[in-house]
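On a predicted model such as this, the values are computed, not experimentally measured, just so you know. We count ligands from 1, going down the list as the structure has it; atoms in each ligand are counted the same way. Numbering starts at 1 and runs along the sequence shown.
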Amino acid sequence: MTDKGTPEFLSGYRDAKLVHGVIKDIKAQVTQSWTLMEICGGQTHAIMQYGLDQLLPEEIELVHGPGCPVCVTALELIDQALWIARQPDVIFTSFGDMLRVPGSEEDLFSVRAAGGDVRVVYSPLNAVKIAQENLDKEVVFFAIGFETTAPVNAMAVIQAEKLGLTNFSILPANVLVPPAMHAILSSPGNRIQGFLAAGHVCAVMGYWEYPPIAEQYQTPIVVTGFEPLDLVNGILQTVNLLEERRFEVQNAYSRAVTYEGNQCAQNLIKQVFQLVDRNWRGIGTIPASGLGLRETYQKFDATKRFEIGQIKTSESEICIAGQILQGLKKPSECPAFGTLCTPQNPLGAPMVSSEGACAAYYRYGRKNE
Ligand code: SF4
């Protein structure tokens, strides 16, 4: 432990005794029911993995937010990706999770099985390298993610321009957290009273965007990390703020997050991208919630390079992912959960992704909650 009472090593953030101590504090503070949303799917998985939801007092309900990038990528974008990947002389690159996400008719794995050149990369910079090595092919990167992946997506575009590559493009699909918080808090069915903000997003963006949201909707927001001790500390701070009717923003992840965030990363995003309206799968269009390429970089936009034309999407009639991503329902309330829809045979993106709420419920046995 440091002299500030925080663990010195990562293992300390998984120390059961420390976690139980914070749970005891939460129980001592809470006087009424509160509904909190953890925004990030990585946090949802950690909560399920360590059974934190089951340790909390019954007054605290955690609902799972839209912070799974694979889950919220619009069906039209996935269908566009599938169309591009099917074209001859195209190498389509993507993070691995996207390959199993169902489009209207198939997924990227099916395109690969049918002979398409679909490759998993761990960074868009790998896709730029593939473009350098395959000048006779068009190389496209599926640029999904939140503010966490936007800087490296921007770097890939800048790098491609520096190298003079004319065979590299991205399918822009980045989305932003604050507009989604506005959409959730202003929706008529909203029941969220406090947010655990995603620590990794705030490591990039800081948390200067959040105080106006907390004030406008009278909803406290606490920047929260991903280890069990981080999560229960974030919950404790949110409960304290709610009990004291203080609608503020606090940082429970100060070992990684500052108020200003990473200025270099934010400048890269600003240089390459501009705000655009974006459709979120299952939720609908949220104004100024996505990143599109600025005029100067539009030559790297795959939707302009390929004549994709009209795409008619068709969503599963059974999947209730939209309600789950808005915190209106739990995965186990979906009639297909664990029967028609499993990780082996997913009907919707939340059952595919390593950050999807349905996959977390399935993996950690939350079938009746
Ligand atoms: S369990 Fe499957 S069908 Fe149901 S909401 Fe989740 S992804 Fe959709």
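Which parts of ligand 1 touch Met351 is read off a 4.0 Å heavy-atom cut-off, strictly below it: atoms 7 (S). Listed by atom number, the atoms of ligand 1 under 4.0 Å from Gly348 heavy atoms are 7 (S).
Within the 4.0 Å heavy-atom criterion, the part of Ile324 lying near ligand 1 is the side chain and not the backbone. Using a 4.0 Å cut-off between heavy atoms, Cys358 contacts ligand 1 through its side chain alone, with no backbone atom that close.
Taking 4.5 Å as the limit, some side-chain heavy atom of Leu171 sits within range of a side-chain heavy atom of Leu77.
Under the ring pair (Phe, Tyr, Trp, His ring centres under 6.0 Å) rule, Phe141 has a single partner from Phe92, Phe95, Phe300, which is Phe95.
Rounding to the nearest 0.5 Å places NE2 of His200 at 7.5 Å from CD of Gln43.
Scanning the protein for heavy atoms near atom 8 (Fe) of ligand 1, the closest one is Cys319 SG, 2.3 Å. Protein heavy atom at the shortest distance from atom 2 (Fe) of ligand 1 is Cys341 SG, 2.3 Å.
Using a cut-off of 2.8 Å, one finds that Cys334 contributes an N/O/S atom close to atom 4 (Fe) of ligand 1.
Closest approach of Glu227 to Tyr13, counting heavy atoms only: CB-CB, 3.5 Å.
In this structure, Ala321 has a heavy atom closer than 4.0 Å to ligand 1.
Taking the six-membered ring where the residue is Trp, Trp83 and Phe306 present perpendicular rings, their angle passing 60° and hence far from 30°.
Taking the six-membered ring wherever Trp is involved, the centroid distance between the rings of Tyr364 and Tyr50 does not fall below 6.0 Å.
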